[in-house]
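What follows is one structure encoded as structure tokens, with my remarks underneath.
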Amino acid sequence: MKFTLSTLLLTSLALTLPFTSQAHRAWIVPAATVLSAEDPWVTFDAAVSNDIFHADHAPYRLNMVEVLAPQGGEVKLQNESTGKYRSTFDLQLSQQGTYKVFSASSGLRARWVDAEGKRQGWPKRGQQADVNDFATAVPKDAKDLSVSQGSRRIETFVTAGSPTTEVFAPTNQGLELVPVTHPNDLFAGETAQFKLLIDGEAAVAAKVMVLAGGMRYRNSQDEIETTTDDQGLFTISWPKAGMYWLSASYKDNKANAPATERTGSYTASFEVLPQ
Amino acid sequence: MRKTGIKKLLPLLLCTLPMASVQALTLEVQMELPQMKVAEYHAPYVAMWLQGQDKRQLTNLALWYDHEMKNDEGQQWLKDIRQWWRRSGRSLSLPVDGITGATRTAGHHTLQFDDKQFAFSSLPAGEYQFFIEAVREVGGRELLSIPVTLPFEKAQTFKASGNNELGQVQLVVMP
């Protein structure tokens, strides 16, 4: 029963809540990140799971997945399908350069305890908060009120031909990653540097965790953990080739009213190639 | 193998000639693609290049792939010549004139690269590496490198040996 409930909740909430439970990890992973030839195709899987890149829990819904092309313009997700445990789609890379595939959302969330001692929340599950409704939806004298402005972003990158950097331009909304080292030019034994921004400014002391795929075939998580410096920068040394999942989280109290807390979640899939 | 022997002697002979400078500088690569005991054999994609300390200083010498497939389908696998793709291939406009050739099957192959086409003598003096990278469909990949110093002033033979996708590789400098 517990499992069924959590499965249902996760499936329906994965996109509407700023965060999913820490235990469940959302990812969009390409079958290849470095491509040659004209107009190559790439296929992607998207899911929410415990073991990275093993689709064993819930599909990641594609309705908010978008693509940024190297020279701009619309790129359609093709052959979309959402199954029991994963979604899949294809992209044709008709422009040469680097593409960003992402899903980003943000919103207000309020939690408090009502007069009867019951936990209350706004917006209701599955709904998007409208700041104009805040005053009427949340009681003025709400007990233990916490209001957070949360952002959530899931990304991956693929490159046809020579890597380009146009798609790295930040939107300056929420927690975002700006690569210093190109994410489609990662090699085992080398070190990559990235920068995290929160609403366009350096995200200082954000927590970063990196996990190698293939978790089912080892007995420990072997996570790599680091923290961003005062410029929002962090570095990762890739121990070996493979597909990696990066997760970053950020929290501060520099929120716009009515929020009192600002949070950000960023995850991305990166491929590291052998030398 | 007789042929190889003579080729090895040739640069030495040239050095002894007073008019050696008239002879154009040539790099010769003698290489072996090993016989594979596999059910499904595809001739490997191979790239050869000369790379300076400054990684942008790069001279492509040879690129063997299925360049005559319809719709350039053979280009789809060029990324698998992974280091070459990273160092050079991905920024080239394909097909590349003068270096592109068909794949070759197992056996010994000899190639010559002359100064007229590849302009070795106009490269800045310094330490370079000759790279040869081979990758085979449903097979393995191997990268070998041989350090060389430019300018090429005397006849020299450099050797390297692969373990799986490449056999003996000899780089013969014929100034």
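Sequence lines set the chain letters: A, B, ... in the order given, protein chains first and strands last, and positions in each chain run from 1.
Looking at A/Lys100 and A/Glu155, their side chains come closer than 4.5 Å, going by heavy atoms from C-beta outward.
Top candidate by heavy-atom pairs under 4.5 Å with chain B, chosen from A/Leu35, A/Asp39, A/Thr159, is A/Leu35. For the options B/Arg82, B/Gln83, B/Gln76, heavy-atom pairs under 4.5 Å to chain A are most numerous at B/Arg82.
Contact check on B/Lys116 versus B/Asp114 returns no salt bridge, with no Lys/Arg side-chain nitrogen under 4.0 Å from an Asp/Glu carboxylate oxygen.
Closest approach of B/Leu58 to B/Gln51, counting heavy atoms only: CD1-OE1, 3.6 Å.
Taken from CG in A/Asp56 to CG in A/Asn50, the straight-line distance is 6.5 Å, to the nearest 0.5 Å. With rounding to the nearest 0.5 angstrom, the CD1 atom of B/Ile81 is 14.5 Å from the CZ atom of B/Phe131.
Taking the six-membered ring for Trp and thresholds of 30 and 60 degrees, A/Phe157 and A/Phe168 have ring planes more than 60 degrees apart, a perpendicular arrangement. Under the 30°/60° scheme for interplanar angles, the aromatic rings of B/Trp64 and B/His109 are found to stand perpendicular. A/His54 and A/Tyr217 have perpendicular rings, their planes meeting at more than 60° on a 0 to 90° scale where under 30° would count as parallel.
Contact annotation for A/Gln275: both backbone and side-chain heavy atoms come within less than 4.5 Å of a heavy atom of chain B. The contact between B/Trp85 and chain A is made entirely by side chain atoms (from C-beta outward), counting heavy-atom distances below 4.5 Å.
Within residues 184-193 of chain A, the residues approaching chain B closer than 4.5 Å by heavy atoms are, in numerical order, A/Asn184, A/Asp185, A/Phe187, A/Glu190. Listed in order of number, the residues of residues 86-98 of chain B that approach chain A to under 4.5 Å between heavy atoms are B/Arg86, B/Arg90, B/Ser91.
For residues 63-75 of chain A, no residue pair satisfies the salt bridge (Lys or Arg N to Asp or Glu O under 4.0 Å) rule, not counting sequence neighbours.
Residues passing the ring-ring contact (aromatic ring centres under 6.0 Å, His included) test with A/Trp238 are A/Tyr244, sequence neighbours excluded.
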Given A/Thr82 and A/Ser87, is the side-chain hydrogen bond (donor to acceptor under 3.5 Å, both in side chains) satisfied, shown in steps? CA-CA 4 Å; A/Thr82 294; A/Ser87 295; 2.9 Å; yes

